[in-house]
Amino acid sequence: MSVLHDLEQVIASRKGADPDSSWTAKLLAKGPEKCAEKFGEEAIEAIIAAAKNDRENLTYEAADVLYHLLVMLAARDVALDDVLGELARRQGLSGIAEKAARGKD
């Protein structure tokens with residue numbers, strides 16, 4: 001997971017940077033809503049690659065999804081460790097039981 005933590009740190013270092021200096025700074029300058037929109041676009045591209053059984057493109061798009069997820073989290077000041085902590089909390093629970101505990105179907 002150090003690659004994701006390293007990427008999270010790079011993204012954090014771009015907050016407030018000149019938007020002309022990096023893609024990350026440009027995304028963050030556009031606000032959390034645009035970051036969320038871009039994440040959604042990348043997720044759709046990954047879904048399409050998976051549906052087409054395009055392994056190479058799915059790998060590429062999955063990397064984009066992870067990057068844009070981290071940008072979206074940074075835009076809302078949610079730490080990767082918070083997300084990982086939630087995953088750890090769910091570990092060993094049945095997905096059905098976990099969703100029922102949250103009142104989800």
Side-chain angles (χ1 to χ4, degrees):
M1 286 299 191
S2 68
V3 170
L4 291 178
H5 282 105
D6 291 348
L7 182 55
E8 179 185 42
Q9 291 304 312
V10 169
I11 291 166
S13 76
R14 297 301 188 332
K15 274 188 164 185
D18 178 6
D20 292 331
S21 69
S22 82
W23 173 248
T24 302
K26 186 177 286 195
L27 273 176
L28 290 168
K30 291 181 180 182
E33 295 82 5
K34 184 62 178 177
C35 294
E37 180 184 318
K38 188 62 181 165
F39 169 74
E41 290 171 9
E42 297 300 338
I44 290 167
E45 290 174 6
I47 291 165
I48 291 167
K52 291 181 175 181
N53 196 25
D54 184 343
R55 181 181 171 90
E56 182 178 341
N57 197 37
L58 177 56
T59 300
Y60 178 84
E61 294 301 341
D64 282 352
V65 167
L66 290 173
Y67 162 77
H68 285 91
L69 173 61
L70 291 175
V71 171
M72 182 176 66
L73 291 173
R76 289 294 188 195
D77 296 317
V78 175
L80 175 59
D81 282 339
D82 293 342
V83 176
L84 295 176
E86 177 59 18
L87 285 172
R89 184 192 70 76
R90 294 179 187 186
Q91 195 170 6
L93 294 177
S94 156
I96 293 170
E98 193 279 329
K99 284 183 178 234
R102 291 189 292 139
K104 304 277 184 177
D105 290 331

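Note: hydrogens, waters and symmetry copies are ignored here, and every other heavy atom, side chains too, is used. Quick note: residue numbers are just sequence positions, from 1.
In this view, Lys26 satisfies the salt bridge (charged side-chain N to carboxylate O under 4.0 Å, His left out) rule with no residue, not counting sequence neighbours. For Ala12, there are no side chain to side chain contact (heavy atoms under 4.5 Å, CB included) partners two or more places apart in sequence or in a different chain. Residues passing the side-chain hydrogen bond (donor to acceptor under 3.5 Å, both in side chains) test with Asp81, sequence neighbours excluded: His5. For the side-chain hydrogen bond (donor to acceptor under 3.5 Å, both in side chains) test, residues two or more places apart in sequence or in another chain that qualify with Lys15 are Asp77.
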(message) As a quick check of understanding, evaluate side chain to side chain contact (heavy atoms under 4.5 Å, CB included) for Leu80 and Leu7, giving each step before the final call.
(response) CA-CA 10 Å; Leu80 175 59; Leu7 182 55; over 6 Å; no
Which pairs would a plain distance check flag for residues 54-75, meaning a side-chain donor or acceptor within less than 3.5 Å of a matching protein atom at least two apart in sequence or in another chain?
from, atom 1, to, atom 2, distance (Å)
Asp54, OD1, Asn57, N, 3.0
Thr59, OG1, Arg55, O, 2.9
Tyr67, OH, Thr24, OG1, 2.5
His68, ND1, Asp64, O, 2.9

If you look only at distance, which donor and acceptor atoms sit under 3.5 Å apart when one is on a side chain in residues 34-48 and the other is two or more places apart or in another chain?
from, atom 1, to, atom 2, distance (Å)
Lys34, NZ, Glu37, OE2, 3.1
Lys38, NZ, Glu42, OE2, 3.2

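Asp18 CG: more than 12 foreign heavy atoms inside a 6.0 Å radius.
Both Val78 and Leu4 belong to a single network of hydrophobic side chains, linked directly or stepwise wherever heavy atoms of I, L, V, M, F, W or Y lie under 4.5 Å apart.
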